[in-house]
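The block underneath contains the structure these notes are about, expressed in structure tokens.
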Amino acid sequence: MKLVFASDSFKGSLTSKEISQILTLAAKEVFDNPICIGIPIADGGEGTADSLIEALNGERIYVKTHDPLMREITAYYGKLDEESAVIEMASASGLTLLSEEERNPLYTTTYGTGEMIRDAVNRGFRNINIAIGGSATNDGGMGCAEALGIRFLDNVGNELSGVGDNLEKVCRIDTADKYPGLKNVKFTIMCDVANPLCGDNGATRTFAPQKGADSETVERLEKGMCNYRDVIIRDFGINPDKIQGGGAAGGLGTMLMVFLSGMMKSGIETVLDLVYFDSLISDADLVVTGEGRSDWQSCFGKAVSGVGKRAEKAGVPVYLLCGSLGPGAEELYNHGITSMMSIMNPKMTLQEAMKNAKELYRKNAVRMFRTIKSVMD
């Protein structure tokens with residue numbers, strides 16, 4: 001019997017790798033000599049680089065870079081093979097790098113992400129996957145572009161630093177000195193939001209408040225982002241508001257597509273392709289997936305629905321074992337999920353569940369496998 005385990009992490013309690021290990025032990029307790037294959041996965045957000053490094057026996061490459069406030073830090077990205085790398089923008093430009101008091105997207109930058117891209121290009125990687133979730137920024141990707149030699153100029157020709165505060169001052173974008181090593185590199189942007197750059201559903205109005213912007217700052221940033229958009233339309237003939245996902249990561253999605261010709265792709269779909277998921281499950285008897293909390297949002301670009309749809313296409317049943325089930329979780333039955341269980345009971349608090357996650361997961365995994373075995377018998 002072949003079982004494939006492809007669960008996202010339970011943030012704050014269980015890693016994807018730990019879940020696979022627990023499932024393997026539980027399966028061996030119930031089935032006779034099962035073949036167990038664990039695949040660490042993520043949906044393109046934080047943790048994606050680590051999942052792919054683990055799944056593909058890659059390695060971490062450490063690089064000196066700058067955080068969202070331009071303080072020197074050491075970040076890392078993943079080498080997947082001689083040609084391919086995965087960069088997680090949150091490693092250098094993420095919200096979790098800042099304290100609550102430091103969060104203000106007027107002054108944060110994606111410059112560090114650009115430094116990571118340049119390092120990867122210098123090392124010879126020609127297929128670069130960039131996960132752009134968890135940003136602390138709303139700079140339109142200007143900081144990232146700046147680190148790659150692109151210059152943003154004001155109305156008298158002064159060069160602007162790549163922060164949200166300067167979006168409203170951009171009058172011209174000079175790509176003459178764009179880093180030449182970028183020419184032969186294919187960029188895949190791992191993203192699961194469809195927001196445009198500007199407008200009510202754009203980068204600023206949707207996400208800037210989560211990054212520390214008050215209402216006045218939101219209006220100023222939106223005005224600046226509209227100016228930035230208009231300059232791009234005038235000089236490059238591309239309207240970022242018509243680019244699905246252009247508003248991702250505070251506009252970094254726009255920068256990567258307009259200036260680096262990046263291709264936007266679902267995070268979970270990219271991960272599943274990179275780990276050769278379809279091949280791994282072609283002769284599997286079942287797949288187990290999961291996440292910390294499953295609800296209606298899990299149907300939209302999350303790991304469990306991505307796994308479910310791929311497995312359904314291959315005719316393989318998928319069992320979901322998650323931390324908790326929320327409203328609308330039943331919609332996952334329309335996304336390839338065969339059955340679902342939670343490790344929590346109604347009387348249990350979230351804190352209790354997280355504290356005892358390993359044992360709770362083990363017990364419920366055994367229960368799930370015994371139920372499956374009884375049906376098979």
Side-chain angles (χ1 to χ4, degrees), residues 3 5-30 36 38-55 88 90-91 94-100 103 131 133-136 192 210-211 267-268 271 287-308 318-332 335 337 339-371:
L3 297 81
F5 307 138
S7 178
D8 203 346
S9 63
F10 289 18
K11 288 185 179 178
S13 55
L14 293 172
T15 67
S16 184
K17 182 178 180 180
E18 288 173 330
I19 289 170
S20 290
Q21 292 171 338
I22 296 170
L23 285 169
T24 298
L25 292 173
K28 289 180 177 179
E29 186 176 326
V30 175
C36 300
I39 314 168
I41 61 167
D43 59 16
E46 292 175 74
T48 296
D50 284 336
S51 292
L52 287 171
I53 292 168
E54 175 71 27
E88 199 170 296
S91 181
L95 191 62
T96 57
L97 297 173
L98 305 180
S99 68
E100 291 283 347
R103 297 175 181 181
S135 77
D192 290 304
Q210 304 167 17
K211 303 172 186 182
I268 183 58
V271 169
V287 172
V288 179
T289 190
E291 60 186 341
R293 178 179 173 83
S294 293
D295 55 27
W296 65 271
Q297 298 177 86
S298 303
C299 301
F300 300 97
K302 297 298 184 181
V304 294
S305 59
V307 168
V318 181
Y319 294 84
L320 170 69
L321 182 56
C322 62
S324 64
L325 290 168
E330 63 275 7
E331 287 297 317
L332 284 166
H335 294 264
I337 301 300
S339 178
M340 61 182 77
M341 290 175 53
S342 164
I343 68 171
M344 290 182 67
N345 64 56
K347 297 181 180 180
M348 190 180 297
T349 67
L350 177 60
Q351 290 72 23
E352 288 175 317
M354 292 181 69
K355 181 180 179 181
N356 302 298
K358 285 187 178 181
E359 183 60 18
L360 286 169
Y361 194 94
R362 187 195 68 78
K363 287 181 177 179
N364 281 282
V366 170
R367 182 159 64 94
M368 177 183 67
F369 286 138
R370 288 194 182 281
T371 301

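- Counting only residues at least two apart or in different chains, side-chain hydrogen bond (donor to acceptor under 3.5 Å, both in side chains) contacts with residues 39-52 comprise Asp50-Arg60, Asp50-Tyr76.
- Between Met368 and Val288 there is a side-chain heavy-atom pair separated by less than 4.5 Å.
- When all heavy atoms of Ser324 and Met344 are compared, the closest pair comes out as CB-SD, 3.7 Å.
- Exactly one residue among Asn356, Ile343, Leu360 makes a side-chain contact (heavy atoms from CB on, under 4.5 Å) with Met348. That residue is Leu360.
- Using a 4.0 Å cut-off between charged side-chain N and carboxylate O, Glu359 and Arg362 make a salt bridge.
- Contact detail for Leu14 and Lys358: the closest heavy-atom pair is CD2-CG, 3.4 Å.
- In this structure, Ser16 contributes its side chain and Ser7 its backbone to a donor-acceptor pair below 3.5 Å.
- Minimum interatomic distance between Ala90 and Gly133 (heavy atoms only, all atoms of both residues): CB-O, 3.6 Å.
- Results of the side-chain contact (heavy atoms from CB on, under 4.5 Å) test with Ser294 over Ser342, Cys299, Cys322 single out Cys322 as the only residue that passes.
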Q: Before giving the answer on side chain to side chain contact (heavy atoms under 4.5 Å, CB included), spell out for Arg103 and Gln210 the whole-Å C-alpha distance, their side-chain angles and the decisive distance to 0.1 Å.
A: CA-CA 9 Å; Arg103 297 175 181 181; Gln210 304 167 17; over 6 Å; no
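- Aromatic pair Tyr319/Phe369: centroids not less than 6.0 angstrom apart.
- Under the 4.5 Å side-chain criterion, counting only non-hydrogen atoms from C-beta, Tyr361 is in contact with Leu23.
- Pairing each heavy atom of Cys36 with each of Thr24, the nearest pair is CB-OG1, 3.8 Å.
- How far NZ of Lys11 is from CZ of Arg293: 14.0 Å, rounded to the nearest 0.5 Å.
- In this structure, the separation between CD on Gln351 and OG on Ser13 is 12.0 Å, given to the nearest 0.5 Å.
- Side-chain contact check for Val366 versus Arg370: some heavy-atom pair is nearer than 4.5 Å.
- Between the side chain of Glu88 and the backbone N or O of Gly47, at least one donor-acceptor pair lies under 3.5 Å.
- Of the possible donor and acceptor atoms, none in the side chain of Glu331 sits under 3.5 Å from a partner among the backbone N and O of Gly328.
- Between Phe10 and Ile19 there is a side-chain heavy-atom pair separated by less than 4.5 Å.
- Rounded to the nearest 0.5 angstrom, Leu321 CG and Arg367 CZ are separated by 9.0 Å.
- Judged by distance alone, with hydrogens and angles left aside, the side-chain atoms of Asp192 form a donor-acceptor pair with the main-chain N or O of Gly267 at under 3.5 Å.
- Considering NZ of Lys17 and CD1 of Ile22, their distance stands at 13.0 Å, rounded to 0.5 Å.
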Determine all donor-acceptor pairs shorter than 3.5 Å in which one atom belongs to a side chain in residues 300-307; sequence neighbours excluded.
residue: Ser305; atom: OG; partner: Ser298; partner atom: O; Å: 2.8
residue: Ser305; atom: OG; partner: Lys302; partner atom: O; Å: 3.1

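- The distance from atom CD of Glu54 to atom CD1 of Ile39, rounded to the nearest 0.5 Å, is 12.0 Å.
- Partner Met340 forms a side-chain contact (heavy atoms from CB on, under 4.5 Å) with one of Val318, Thr289, Leu320 and no other, that one being Leu320.
- Side chain to side chain, Glu352 and Thr349 meet the donor-acceptor criterion of an N or O pair below 3.5 Å.
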